[in-house]
Amino acid sequence: MVYQGKPSAGCLNCRKRKIKCDEATPACSQCINTKRTCPGYVPRFDLILRDQTKSVHRKQQKKKHEQKPSSPRQSVSSESSMTASTSGASVGPGAWSASSIIKQARSEDGFRRIFNDFPEQQAICAFFLDFVFLPRHPDSVQGHLEHLLPLYQKTTSDSPLSMATSSVALALSGSSQKRKDDRQLARKMFQKALQKVNVAISNPTESKSDETLMTVLLLGLFEKIVASADASRPNMTNMHNAGAAALVMHRGADNVKTDVGVGLLFSVRSQLVESAIEEGISYKRCPDALVDIFRSAPQNAAAHLTSATVNVADLRSSAKSALLLPKNTESEKEVSDLLEYAIPVDLLIATWPQSLPEDWTAKSSDGFDYPFGDVPKSTFVYDDKMDIYLDLWVQSIWNQYRSARINVQKVILDCISWLGTAHEHQWYWRAIYAKMIIQEMADEICGSVPFALGTKMSGGPGDRNGVEFPYVGGQKASEDHRRAASALGGWHLLRPLKSCLGTDCLRDGQEDWIMGQMQRISRIYALQPPKDDGEEASPVDPQKFDQQLQRYELGCPS
């Protein structure tokens, strides 16, 4: 591949004349001085993802024509996969239609990564390919990365959004052992982005822009990544979540009328609810004006689940304080009322699957080409359970549902235990039911691990060579899923797996298997120092491991 040099962001006239362009708008000074019509600038994303040289392009076309046509079944599968990920883009909250981008990527045999000498550009290419452009079901859209491209295309190289994107891309790239130096560059880009976004927030106009809110969300994502990988670094994610919430309030209802604006609003809400549940704090409701926007905006399956799980945050917050009270008549009534409140909360969440699309139902795998030799199948599979989902995000939403139900059952069991033997007969069957639900949800979370991780044991997010995944009907996992699972699968599993811990309701050996999977994830994404070759892993200390998990709570880049 021919090295093409660092791309110029100047206007077409300046690039043809090979002179420096100041990239001013609406016209550069060079064109103004020479009385030329300034043709404008090539979108920055097109510069990063450029075509190869003409000679290489001809070779690619020749190779493409020599390839055998795919079978009718494969063609239909590819079409339906793209339709599922793009046709209903307007269904979700502010869902952005990426059909044209995905079609372009497919028609050109994928985007070419050609900037081998520039770590930042290479990381950005990998980030968009492996995290942003992955097909997903419109009903599972709940993050902010779906809305990044249209905003990123409009930015300049020194904008806060551009620098925040680079910091996240480099942080993710740096989780590979081969590119550890990217993390240092990521921190430098993060500091620059932080300084610039502080200036933007103080500007009355820029503080209300979608670009500024997206930048704050990306900075929060960066904090989650580096806090997971560096135990000495405090996790400042909550600070950025609070900043995003403050910006939402500041923007008001008038700035939530576009698809991107509504999508970012739902993303902030989803992150705040998820954080509140995890920390056991009450979720602070939005002002009435924004609540009306939530109700009037089209809500997909993911948004409906978020609405149902808001109560879990309040429930856990109340339980944290109530269960510390000394026993007396008043405290017993408070705990009993809390228990009575937890039951309808659980029922509300339990009804969520009834409204799901039919294709969201998981299928049992009938094939899995796991490695032979000394590696047992139990390394990747628990109790021979392997479930296949429509895509990785559908699986993630299901696991959020399961985690929410587990958290509610834990509160119920804690309340029953606190009330003691005097109330044991009254709540006996409810305790049995709670333990049954925890076991059922934990089994389903464990059953989702092979689909999300496959046989991946190391190598970083972008490495998927030789990784196998379970499949149905003899049709192996698509390249889209291999990319998604290798890049994101472990992030999607961390919180659901952790929710299964801390209870005595699991069968023998299941908790050890879950902790083993979490350690496996930490190795893949460099969340712990790698072991030297030949060094045996030390036995797991449950108490110490639970403390380490505090820095592994990374909300996946959705």
Side-chain angles (χ1 to χ4, degrees), residues 362 364-389 395-396 398-414 416-417 431-458 467-470 485 489-525 527-528 531 535-553:
S364 296
S365 169
D366 55 14
F368 185 25
D369 300 332
Y370 62 91
F372 296 99
D374 296 333
V375 182
K377 188 175 182 180
S378 59
T379 303
F380 315 109
V381 182
Y382 175 76
D383 201 24
D384 210 30
K385 182 174 176 60
M386 301 174 289
D387 293 331
I388 308 297
Y389 297 81
Q395 179 216 47
S396 179
W398 268 111
N399 280 343
Q400 287 181 32
Y401 158 78
R402 294 159 183 154
S403 297
R405 293 209 67 191
I406 288 175
N407 283 324
V408 175
Q409 309 312 316
K410 286 181 178 179
V411 171
I412 290 174
L413 290 175
D414 287 343
I416 295 175
S417 175
I432 296 295
Y433 177 77
K435 292 178 180 179
M436 181 187 72
I437 292 298
I438 289 177
Q439 182 65 75
E440 179 184 347
M441 297 295 105
D443 285 344
E444 291 181 359
I445 290 173
C446 291
S448 71
V449 170
F451 180 76
L453 281 183
T455 59
K456 189 175 179 70
M457 296 292 288
S458 60
V467 178
E468 298 292 342
F469 294 90
W491 300 130
H492 281 275
L493 287 172
L494 277 174
R495 276 184 170 164
L497 286 172
K498 186 190 174 185
S499 70
C500 300
L501 303 177
T503 175
D504 58 357
C505 303
L506 304 181
R507 60 177 62 91
D508 291 343
Q510 189 169 17
E511 185 168 331
D512 290 337
W513 187 87
I514 291 172
M515 290 193 293
Q517 297 306 306
M518 298 188 75
Q519 290 182 318
R520 175 184 167 199
I521 293 169
S522 71
R523 288 194 300 270
I524 293 173
Y525 298 105
L527 303 184
Q528 66 182 22
K531 297 289 184 182
E535 182 180 349
E536 295 183 1
S538 57
V540 175
D541 181 347
Q543 291 184 346
K544 183 177 180 181
F545 188 73
D546 188 57
Q547 294 173 358
Q548 292 175 337
L549 292 181
Q550 299 301 319
R551 67 183 177 96
Y552 295 157
E553 296 169 6

*Asks:* For the residue pair Y389 and E444, what are the closest heavy atoms and their distance?
*Replies:*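 Residues Y389 and E444, closest heavy atoms: OH-O, 4.2 Å.
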*Asks:* Hey, does M386 have a side-chain heavy atom less than 4.5 Å from the side chain of K377?
*Replies:*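 Of all side-chain heavy-atom pairs linking M386 with K377, at least one is under 4.5 Å.
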*Asks:* On a heavy-atom basis, which atom in C500 and which in L506 lie closest, and how many Å separate them?
*Replies:*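 In this case the closest contact between C500 and L506 is O-CD1, 3.4 Å.
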*Asks:* Between NE2 of H492 and CD of Q400, what distance do you get to the nearest 0.5 Å?
*Replies:*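 That separation rounds to 9.0 Å.
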*Asks:* Please find the pair of heavy atoms, one from I412 and one from A434, that lie closest to each other, and give the distance.
*Replies:*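 For I412 versus A434, the nearest heavy atoms are CG2-CB, 4.5 Å.
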*Asks:* Ignoring hydrogens, what is the shortest heavy-atom contact between A431 and L413? Give both atom names and the distance.
*Replies:*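 Minimum heavy-atom contact is O-CD2, 3.7 Å.
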*Asks:* Please check this pair: side chain of Q409 against backbone of A404, looking for a donor-acceptor N/O pair closer than 3.5 Å.
*Replies:*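 No, because the side chain of Q409 does not come within donor-acceptor range (under 3.5 Å) of the backbone of A404.
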*Asks:* Once rounded to the nearest 0.5 Å, what's the spacing between atom CZ of F469 and atom CG of D369?
*Replies:*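 Separation between the atoms: 12.5 Å.
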*Asks:* OG of S365 to CZ of F451: how many Å apart, nearest 0.5 Å?
*Replies:*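 The distance works out to 10.5 Å.
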*Asks:* Tell me the closest heavy-atom pair linking I445 and P496, and the distance in Å.
*Replies:*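 Taking I445 first and P496 second, the nearest heavy atoms are CD1-O, 3.6 Å.
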*Asks:* If you round to the nearest 0.5 Å, how far is OH of Y433 from CD1 of I438?
*Replies:*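 Rounded to the nearest 0.5 Å, the CD1-OH separation comes to 11.5 Å.
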*Asks:* Is there a side-chain contact between L453 and I524 in this structure, where contact means two heavy atoms from C-beta onward sitting under 4.5 Å apart?
*Replies:*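 SC-SC contact between L453 and I524 confirmed.
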*Asks:* Rounded to the nearest 0.5 Å, how far apart are CD of Q519 and CG of D512?
*Replies:*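 Separation between the atoms: 10.0 Å.
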*Asks:* So N399 and R402, do their side chains get closer than 4.5 Å, heavy atoms only?
*Replies:*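 Yes, their side chains come closer than 4.5 Å.
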*Asks:* M515 vs L501, test: side chain to side chain contact (heavy atoms under 4.5 Å, CB included). Steps then yes/no.
*Replies:* CA-CA 8 Å; M515 290 193 293; L501 303 177; 4.0 Å; yes
*Asks:* What I'd like to find out is whether the side chain of Q510 reaches to under 4.5 Å of the side chain of C446, using heavy atoms alone.
*Replies:*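 Yes; the side chains approach each other to less than 4.5 Å.
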*Asks:* Please assess S364 against I388 for the test side chain to side chain contact (heavy atoms under 4.5 Å, CB included), listing each intermediate value before the final yes or no.
*Replies:* CA-CA 6 Å; S364 296; I388 308 297; over 6 Å; no
*Asks:* Counting C-beta onward and ignoring hydrogens, is there a side-chain heavy-atom pair between L494 and I521 closer than 4.5 Å?
*Replies:*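 Yes - at least one pair of side-chain heavy atoms lies under 4.5 Å apart.
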*Asks:* Measure the shortest side-chain to side-chain distance between I437 and V408 over non-hydrogen atoms and say whether it is less than 4.5 angstrom.
*Replies:*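 Answer no - side chains too far apart.
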*Asks:* Looking at OG of S378 and CG of D384, how far apart are the two atoms once the value is rounded to the nearest 0.5 Å?
*Replies:*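 One gets 10.5 Å once the value is rounded to the nearest 0.5 Å.
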*Asks:* Between V449 and L497, is any pair of side-chain heavy atoms under 4.5 Å apart?
*Replies:*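 A side-chain contact exists here, since the closest heavy-atom pair is under 4.5 Å.
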*Asks:* Quick one: are T503 and E511 in side-chain contact, heavy atoms under 4.5 Å?
*Replies:*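 A side-chain contact is absent here, since even the closest heavy-atom pair is not under 4.5 Å.
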*Asks:* Is a donor from one side chain sitting under 3.5 angstrom from an acceptor on the other, for Q439 and D443?
*Replies:*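 Yes, side-chain donor-acceptor contact under 3.5 Å.
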*Asks:* Relative to each other, are the rings of F368 and F380 parallel, tilted or perpendicular (30° and 60° limits)?
*Replies:*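 The arrangement is perpendicular - the two ring planes meet at more than 60°.
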*Asks:* Can you see which heavy atom on S499 is nearest to which on K410, and at what distance?
*Replies:*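 Scanning both residues completely, I find the closest heavy atoms to be O-NZ, 2.7 Å.
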*Asks:* I would like to know whether M457 and R520 meet side chain to side chain contact (heavy atoms under 4.5 Å, CB included); could you show each step before the answer?
*Replies:* CA-CA 6 Å; M457 296 292 288; R520 175 184 167 199; 3.7 Å; yes
